[in-house]
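Take a look at the structure below.
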Amino acid sequence: MPPRPTTEGGTAWGGRGRDGGGGARGGGRPQSIGRGARTTSEGVQPSGLTAHITTVGVRRPGYGTAGRNIKVKTNTCVVQVPRKMIYHYDDIVSEKTLPPRFTMQLVKELQQKEEFLPKGSYDGKKNLFMPHVIDFGGADMREYDVVVNGSSQPGGRPPPVFKIRIKKVAEINPEVLQRFISGKQSQDESVQTALTALNVVIRMLPMQNYPFNSRSFFIKTDFKNVGHGFQLRRGYFQSLRPSPGHLLLNIDLSTGMFYKPGPLIGVALEIVSNARNPDPNLLSTDRGLPDRIFKDLERFLKNVRVSVQPATARSPPKVHTISSLTREGAQGITFNTRDGTPTTVASYFHNLSGRALRAVLPFERCTILDGQLARKQIPPDVTRHMVDFSKKSPAERLASIKDGFGVLGHTESEYVRNFGLDVNEDTFPMVTDARQLPAPKLKYGEGSKPIFAEPRNGAWDMQNIHSFIPIYPLHRRNKKMIKPQRFNKWVMIIFESLNRFGQKTAESVANDFVNGCKNFGIVVGDEDPIIRHGAGQATTLVLRAAGKECLEKHKVVPDLLLVILPDGGSDIWHAVKYFGDVEQGVVTQCLMATKCNRASGQYWANVSLKVNLKLGGINAVPDDANSTIISDSINPTIIMGADVMHPAPGSDAPSYSALVGSVDSRAIKYIAKTKVQTSRQEIIADLRTMAMEIILDYQHYQQEVEKTSGKPKRLLFFRDGVSEGQFKEVMQQEVCADLKISPKITFIIVGKRHHYRFFPLNPQNKLEADPKGNCLAGTVVDKGITHPLEFDFYLLSHGGLLGTSRPAHYSDNGFKADSIQSICNLLCYMYGHADIVCSRARNHYDPNADGFSESSSIATSDALQSFKPLHVRQSRKMYFMVSL
C-alpha cells in the first residue's frame, strides 16, 4: 500500500490563511477585523476627526464613560511610519503554482542581482515591494532566469531554470497611512495597500527562517507530540495595526499543528493503531486493514511531502508529495525495468539494496519532512492537547511574547532597515486607558433567598467554581428558577462498561440527578427511571429499545433521555443527538461517566439548568435596572446572532450557517435555525428564510405567551467576524417588508480571531486582576488600540478558566458607546450562541449512513441532499445547550 507521489511542487509549505496578506494586486485586500456595516451614522465625533473624512463602517460616536477608569497593558508596541516611498512590483513565475516557501527561495536568489540592492520584501505570492526603483534599462518590466542553489539533479542533469517576470505596478506613499491614523485621511485603497506593504516588510526575515502560516512563524525548539501523526509547535504572530495617532505592532503567541516529522511508517502506524501496536503488517490491506482506516490514512497523508531514499546508496534522496495510496502491497505491483524485464516493486528494491522490505513501498523508505503545517480537521484528542499546550498565565504569556522579538528579528532585519521602518520595542507592552463595567444582577424565581445575586469574576459563582457559560449560584442557596419545567417519564441509558458503571452506580447517579432537579424547582414525575445498559451495542438500537420499554411500561414515550457516555464517545454523542434532535424530537442530556459519578451538588445544579432550558424553561433573568434597553416595553427588541462554520482545510465538506434569535422580552429564550450551504461560502445563503422564521416565532411567542402585539421596534443583529453585505437589503426590503414591520436595525460585528490581549498593571491587586491574573471581567477598551475612525471596542466579558483571557472585538452601527457596550456586556451572560448551533450541524446527518464517521468529511453535493431538518418538537426549544 505505497503512497503515490507527485513531483515536487505541491502545496506543502506555508501558504496564506484567512487573515493573510496580499496587496491590492494579486492577493486581494487583507481582511479588516471588526469592520462595520457599509453605512454612515450621525453622532458626536471624537476630537480630531474632521467632518469630511469618510469611513467604511460607522464613525465613532464618542467614547464610553460608564464604569471605573483603569489602565491595562496590551501586547503591542509603537512603530514609526516610514517616510520613504515604496515601489510595488508584480512578481510572476511562469511555472505552475509553486509553494510560497519555494517562491521565497526564488526571489531571494533573484535579489542577489545588483539592480535589486538594497533588497525588497516579497509576500510569497505575487507582490514584491522595493525601497527603490529597479533599473530595467528604461522598460517597466523584465524577465529573469533563476536557478535555486542546491537544486542539482541526479545523473548530472542541470538544475531547473525558473522564469520570473517583474513588472512595476504602483508607487506607495506611506504618508497616507500617517494621515489616516491621525484622522486626516479616509480609509481607502491607498491606505490599505501601504499597510499591506509594511506588513510584508516586517514578515520578510522570519518567513525565510521559519515555517509560517498567515502571519505566524513557528519555532522547532518548543513542541509537543500529541499522537494521531501530529506535532504542536509554539509560534509568534505579528501584525501592524492602525490606531488613533499611532501605528502599532501587535505581537502574540500562536500554536501550529504540524505533521510529525520522521519515518513515514512510524507515523502511519501511529494513525492506524494510535502507536499501541508497532507491527508494520497492520498497514497491509491483505491482512485486514479496514477500508475506513485506509481512507482515513489516505486522507491524512494527502499532500504530505516526504523524502524518499532511493534503492542505491549512491543516489541522493528525492522529495515527493503524496497524492494517494494504493491498496496493493509491494509484491502485487509490477512494472518493467529499462531492459523490459517485468518485476515487482519488492523484488526491485531487494535486488538493489540487498534486503527485503518489511512492509510496502515506499513507506519504510519515506521520511516526512520537517516543518509542514497540517491543514486538517483537528481530532478531539488533539484539541485537548492544543488547549493544554497553548495555555499560559497572563504573566507567562507576556514574558514569552517579549522573547518573540528575538525570533521576529526586527532590529536585525535588513528589510526593516531598507524601508526605514522603526519598531520601538521599548514601548512594549503599551499601556492604554480602559474601564471596568459593573456586572449585571440576576433575578431568581419566587421563593428564592435572596432574590438577586451578582456574578463574580465574570461568572455566576457556585462554590467558587467559574465557567464561561452562565452558571447560577443555586446550590445550597435557596434559589429557584423563574420558570421551572416538568418531565414525567425518563430513561437513563449507559454506554460505559458495566464494570466501570454498574447498576448501583447508575441508581446513585439517577438519585443525584433527581435531587438536583427538584432542589431548583423542576418537577420530576417519576423518580424511578428505566435504566438500560448499552455498552458495545449499536447506539440507535439501544435508544429505540429504551424508548419502546418506556412506552410498554408507562404507555407514554419518555420526555427525557439521560445518556452516560464513556471517554472518547464522540460517535455515540453524535448518534444520540441525531436521534433526539432530528429523528424523535425528545430532549437528551449527555453526561460523562467520569464526571457524574459522585459529582458535587454544584455539578447537578449545572445539569438541572441545562435540562430546564432544553425543556423550554427559564432559569433566571437580568434585573430590570440592568436591561432597560432590551426589556423596554415601548421599544420591543429582538436579538439575533449569526455564524458560519467552515470545514477543515483540504476538506470538500460543506459549510454550515446558523441563526439564533430571542423570542421573549428579556432576550433569555432563544430558538435556532441551521442550514447547510456551499463549502467555504462566508455569506449566509438562506438568511431571508431563517430570519423570517425566527421573527415569526418571536411574534408567536409574544402574542401567545407575553400577550403583546409581537411587532419588534428594534433588531440587534450580531455577526461573527465579517460584514454581511446582503444584510441590510434582505432584512429591510424583504423580511421586514413582507412581515409588515419596520424595526430600527443595528448590525454589530463580533471578532474573536484577533490577537489583542490585556494584562493588569498590578496582578496582585484584586481591584485590577482576578485570581488567575487576568484583567477583571467587564474590562472594556475603546481607546488606544482601536480603529482610528470607526466605532469599535474590545470587551472582556468573562473570567478566564485557562491561560490568558481573550476579549471580544465589537464594531457597531446605531448606538452611543455606553449603550452598546452595556448591551454587549449583559448579553454575554445570557445563552444563545450561534457558534454552538453551527458546531452541532453535523448532528443533522444520519450517523448510520454510509461514509459517516467522526473523522470523515461529507462532500458538499451529498451533504445538501442528506441534511435533515430539526424535529418540530425541538424547533422552539434551546436544544443546543452543551453536555457535561
Return the orientation label for the H88 and F129 ring planes: parallel under 30°, perpendicular over 60°, tilted otherwise.
parallel
Answer with yes or no after comparing the ring centroid distance for F237 and H754 against a 6.0 Å cut-off, counting only values under it.
no
Within the 6.0 Å centroid threshold, strictly below: F793 and H809:
no
For H246, look at atom NE2 and say whether over 12 heavy atoms of other residues, nucleotides or ligands are found less than 6.0 Å away.
no
Taking the side chain as C-beta and beyond, is there a heavy-atom pair between Y89 and M130 under 4.5 Å?
yes
Quick one: side chains of residues 428-439, donor-acceptor pairs under 3.5 Å with protein atoms, not counting sequence neighbours, listed by atom name and distance.
unit_1, atom_1, unit_2, atom_2, d
T432, OG1, K783, O, 3.3
D433, OD1, K71, NZ, 2.5
R435, NE, G64, O, 3.2
R435, NH1, A66, O, 2.7
R435, NH2, D782, OD2, 3.1
R435, NH2, Q821, OE1, 2.7
Q436, OE1, T779, OG1, 3.4
Q436, NE2, A777, O, 2.5

Name all residues meeting the salt bridge (charged side-chain N to carboxylate O under 4.0 Å, His left out) criterion together with D135; count only those two or more places apart in sequence or in a different chain, and write none if there are none.
none
If you measure only the distance, is there a donor-acceptor pair under 3.5 Å linking the side chains of S186 and D188?
no
Would you call R719 and E682 a salt bridge, using N to O less than 4.0 angstrom?
yes
So do Y122 and V200 actually touch side chain to side chain, heavy atoms under 4.5 Å?
no
Mark yes or no for whether T427, through its side chain, and N424, through its backbone, hold a donor-acceptor pair below 3.5 Å.
yes
Across all chains, not counting sequence neighbours, the side-chain contact (heavy atoms from CB on, under 4.5 Å) partners of P174 are V81, P82, I86
Can you tell me how far the OG1 atom of T65 sits from the CG atom of D818, to the nearest 0.5 Å?
4.0 Å
Checking V78 against L247 for the side-chain contact (heavy atoms from CB on, under 4.5 Å) test, could you report, in this order, the C-alpha distance in whole Å, the side-chain angles of both residues, the deciding distance, and whether it holds?
CA-CA 6 Å; V78 176; L247 181 63; over 6 Å; no
Can you list the residues that meet the side-chain contact (heavy atoms from CB on, under 4.5 Å) rule with L117, with sequence neighbours excluded?
K119
Does a salt bridge link K126 with D123, judged by any charged N lying under 4.0 Å from a carboxylate O?
no
Is any side-chain heavy atom of L408 closer than 4.5 Å to a side-chain heavy atom of I251?
yes
Is the shortest side-chain heavy-atom distance between V72 and F759 below 4.5 Å?
no
Under 4.5 Å between any side-chain heavy atoms of Q192 and Q187, yes or no?
yes
Find the distance between CG (L421) and CG (L198) and round it off to the nearest 0.5 Å.
5.5 Å
Tell me, which pairs form a side-chain hydrogen bond (donor to acceptor under 3.5 Å, both in side chains) where one or both residues lie in residues 168-177, sequence neighbours left out?
K168-E171
Partners passing ring-ring contact (aromatic ring centres under 6.0 Å, His included) against F419 (at least two apart in sequence or in another chain)
none
Return the set of residues passing salt bridge (charged side-chain N to carboxylate O under 4.0 Å, His left out) with K113 (not counting sequence neighbours), or none when no residue passes.
none
Criterion side-chain contact (heavy atoms from CB on, under 4.5 Å) on V79 and L248, from CA distance to verdict:
CA-CA 6 Å; V79 175; L248 301 179; over 6 Å; no
Is there side-chain contact between L253 and K392, with heavy atoms separated by less than 4.5 Å?
yes
One should read off an interatomic distance between Q178 CD and Q185 CD, to the nearest 0.5 angstrom, of 11.5 Å
Provide the closest heavy-atom pair for S216 versus S254 in the form atom of the first, atom of the second, distance.
OG-OG, 3.2 Å
Would you mind listing every side-chain hydrogen bond (donor to acceptor under 3.5 Å, both in side chains) that reaches into residues 397-408, with sequence neighbours excluded?
D252-R397
Do F718 and L827 make a side-chain contact, defined as non-hydrogen atoms from C-beta onward lying under 4.5 Å apart?
yes
Please check if the side chain of E396 supplies one atom and the backbone of S393 the other of a donor-acceptor pair under 3.5 Å.
yes
Sort and list the pairs that fulfil side-chain hydrogen bond (donor to acceptor under 3.5 Å, both in side chains) and have at least one residue in residues 411-423, not counting sequence neighbours.
Q208-Y415
With sequence neighbours excluded, tell me which residues meet ring-ring contact (aromatic ring centres under 6.0 Å, His included) with F223.
none
Between R233 and D222 (salt bridge meaning N to carboxylate O under 4.0 Å), is one present in this structure?
no
Taking the six-membered ring where the residue is Trp, are the ring centres of F218 and F258 under 6.0 Å apart?
yes
Counting C-beta onward and ignoring hydrogens, is there a side-chain heavy-atom pair between L776 and E768 closer than 4.5 Å?
no
The test is side-chain contact (heavy atoms from CB on, under 4.5 Å); show your working for Y756 and I785 and say whether it passes.
CA-CA 9 Å; Y756 278 127; I785 64 171; 3.8 Å; yes
To the nearest 0.5 Å, how far apart are CG in L240 and CG in N199?
4.5 Å
Check whether the side chains of R60 and T786 place a donor and an acceptor atom closer than 3.5 Å, and report yes or no.
yes
Taking all non-hydrogen atoms of both residues into account, name the closest pair between N762 and A769 and its distance.
O-CB, 4.3 Å
Derivation of the side-chain contact (heavy atoms from CB on, under 4.5 Å) call for I820 and F791
CA-CA 11 Å; I820 195 61; F791 183 18; 3.5 Å; yes
Check: L767 main-chain N/O paired with R68 side-chain donor or acceptor under 3.5 Å
yes
Qualifying residues under side-chain contact (heavy atoms from CB on, under 4.5 Å), relative to V407, sequence neighbours excluded:
Y210, I219, Y236
Give, for atom CZ of F389 and atom CE of M257, the distance between the pair rounded to the nearest 0.5 Å.
13.0 Å
Salt bridge (charged side-chain N to carboxylate O under 4.0 Å, His left out) partners of K84, counting only residues at least two apart
none
